[in-house]
Amino acid sequence: MELVPRLNAEEIRGLFAPPPWGEVVPPSTFSMTNVEEWDRFRNIDMDKEVNMIHSFENSLEKRKGRVDADKLAVLNGWHRVDCRTREALRRSSVSELIEGYEECIRKFITESSDGDVLELQVQDPFRRLLLHGVCEFYNLASDTVTDMNGGVESSKMTKIKKKKRGSPQLSNITLSHFLKMSKEGSW
């Protein structure tokens, strides 16, 4: 206190003033609303309040109970897909390609036996990534191998087969439909 000279009233007021860039504070939405409307909300009867809370909790329980098997299967399939592949599927602009892969894979699931292998020749790395993502979604094992044709040209062959444990379940909602719905914001 000995090192600092005495402060006058203006200097003390300046210590407790708001920052210089915030002198004029715009009125908030809350302060601009009609006071009567908020009074009705604040002065609500306790019985009415309890009834409102119970009805709200019951409506939440009903919503939670409505999750059907198809939506659950789609979400489980989506969570099986690797996060980088999910991002590629979300950003992909070739939805027809994904639909084509899905159609082929769904047909393979329904018409094949456990030991069968589906072989697809996909050369583009991004399209192969999308194919592997569709396989992960349907809980299939997929592996890409390089096939050397006479040592001159190499081609990539993706082999798809059913996993040994658990057979893949087909839901009514396809991956491409799920992606369209999530892009539109309706999922």
Side-chain angles (χ1 to χ4, degrees), residues 1-102 122 124-140 142 144 169 171-187:
M1 288 185 57
E2 294 174 0
L3 297 176
V4 179
R6 288 202 153 283
L7 300 175
N8 62 24
E10 186 64 32
E11 292 171 332
I12 292 173
R13 196 175 314 119
L15 290 173
F16 297 101
W21 61 86
E23 284 291 326
V24 179
V25 178
S28 69
T29 307
F30 184 76
S31 67
M32 293 174 20
T33 58
N34 189 354
V35 176
E36 294 173 8
E37 292 175 9
W38 283 107
D39 279 342
R40 281 191 236 131
F41 178 74
R42 288 185 305 168
N43 299 328
I44 193 168
D45 183 33
M46 287 192 303
D47 295 331
K48 286 183 181 179
E49 181 182 355
V50 169
N51 289 337
M52 285 175 56
I53 291 171
H54 284 303
S55 65
F56 181 69
E57 287 172 349
N58 289 340
S59 67
L60 283 177
E61 287 175 9
K62 287 178 185 176
R63 285 185 199 156
K64 287 179 183 176
R66 286 188 193 167
V67 177
D68 60 354
D70 284 335
K71 285 186 178 181
L72 192 59
V74 168
L75 289 175
N76 285 338
W78 184 245
H79 290 291
R80 273 193 300 267
V81 179
D82 180 58
C83 63
R84 288 175 287 185
T85 310
R86 271 189 263 175
E87 195 61 34
L89 286 167
R90 270 192 219 110
R91 292 183 181 191
S92 173
S93 60
V94 285
S95 59
E96 298 84 21
L97 178 70
I98 295 171
E99 287 174 10
Y101 286 158
E102 246 185 320
V122 180
D124 183 47
F126 180 71
R127 292 181 178 201
R128 255 193 331 271
L129 176 68
L130 296 178
L131 176 61
H132 285 290
V134 174
C135 291
E136 288 173 350
F137 180 81
Y138 285 104
N139 203 18
L140 298 172
S142 61
T144 300
Q169 299 289 330
S171 69
N172 293 329
I173 303 171
T174 62
L175 174 62
S176 55
H177 184 67
F178 169 73
L179 290 170
K180 285 178 189 174
M181 288 173 57
S182 62
K183 282 181 184 177
E184 293 169 359
S186 62
W187 184 259

K.L.:
Between atom CG of Leu140 and atom CG of Leu131, what is the distance when rounded to the nearest 0.5 Å?
P.N.:
10.0 Å
K.L.:
Would you say Glu136's side chain and Asp82's backbone share a donor-acceptor pair under 3.5 angstrom?
P.N.:
yes
K.L.:
Give me the atom names and distance for the closest heavy-atom approach of Ser171 to Val74.
P.N.:
OG-CG2, 3.6 Å
K.L.:
Measuring from atom CZ of Phe137 to atom NE2 of His79, what distance do you get when rounded to the nearest 0.5 angstrom?
P.N.:
10.5 Å
K.L.:
Flag the pair Val50 / Met46 as yes when at least one side-chain heavy-atom distance between them is below 4.5 Å, and no otherwise.
P.N.:
no
K.L.:
Could you measure the distance from the CZ atom of Phe178 to the CG atom of Leu89? Nearest 0.5 Å is fine.
P.N.:
10.0 Å
K.L.:
Shortest non-hydrogen contact from His177 to Ile173?
P.N.:
CD2-CG2, 3.8 Å
K.L.:
Within the 4.5 Å heavy-atom criterion, are Tyr101 and Val122 side-chain neighbours or not?
P.N.:
yes
K.L.:
Considering all heavy atoms of both residues, which atom of Thr144 and which atom of His132 are nearest to each other, and what is their separation?
P.N.:
OG1-NE2, 2.7 Å
K.L.:
Once you round to the nearest 0.5 Å, how far does CZ of Arg13 lie from CG of Asn8?
P.N.:
9.0 Å
K.L.:
Just verifying a value: how many Å separate Glu184 CD and Met181 CE, rounded to the nearest 0.5 Å?
P.N.:
8.0 Å
K.L.:
Salt bridge between Glu87 and Arg84, side-chain N to carboxylate O under 4.0 Å?
P.N.:
no
K.L.:
From Arg86 CZ over to Arg90 CZ, what is the distance, rounded to the nearest 0.5 angstrom?
P.N.:
6.5 Å
K.L.:
Which heavy atom in Val81 sits nearest to a heavy atom in Gly133, and how many Å separate them?
P.N.:
CG2-O, 3.6 Å
K.L.:
For atom CZ of Arg127, decide whether the heavy atoms of other residues, nucleotides or ligands shown that lie under 6.0 angstrom number more than 12.
P.N.:
no
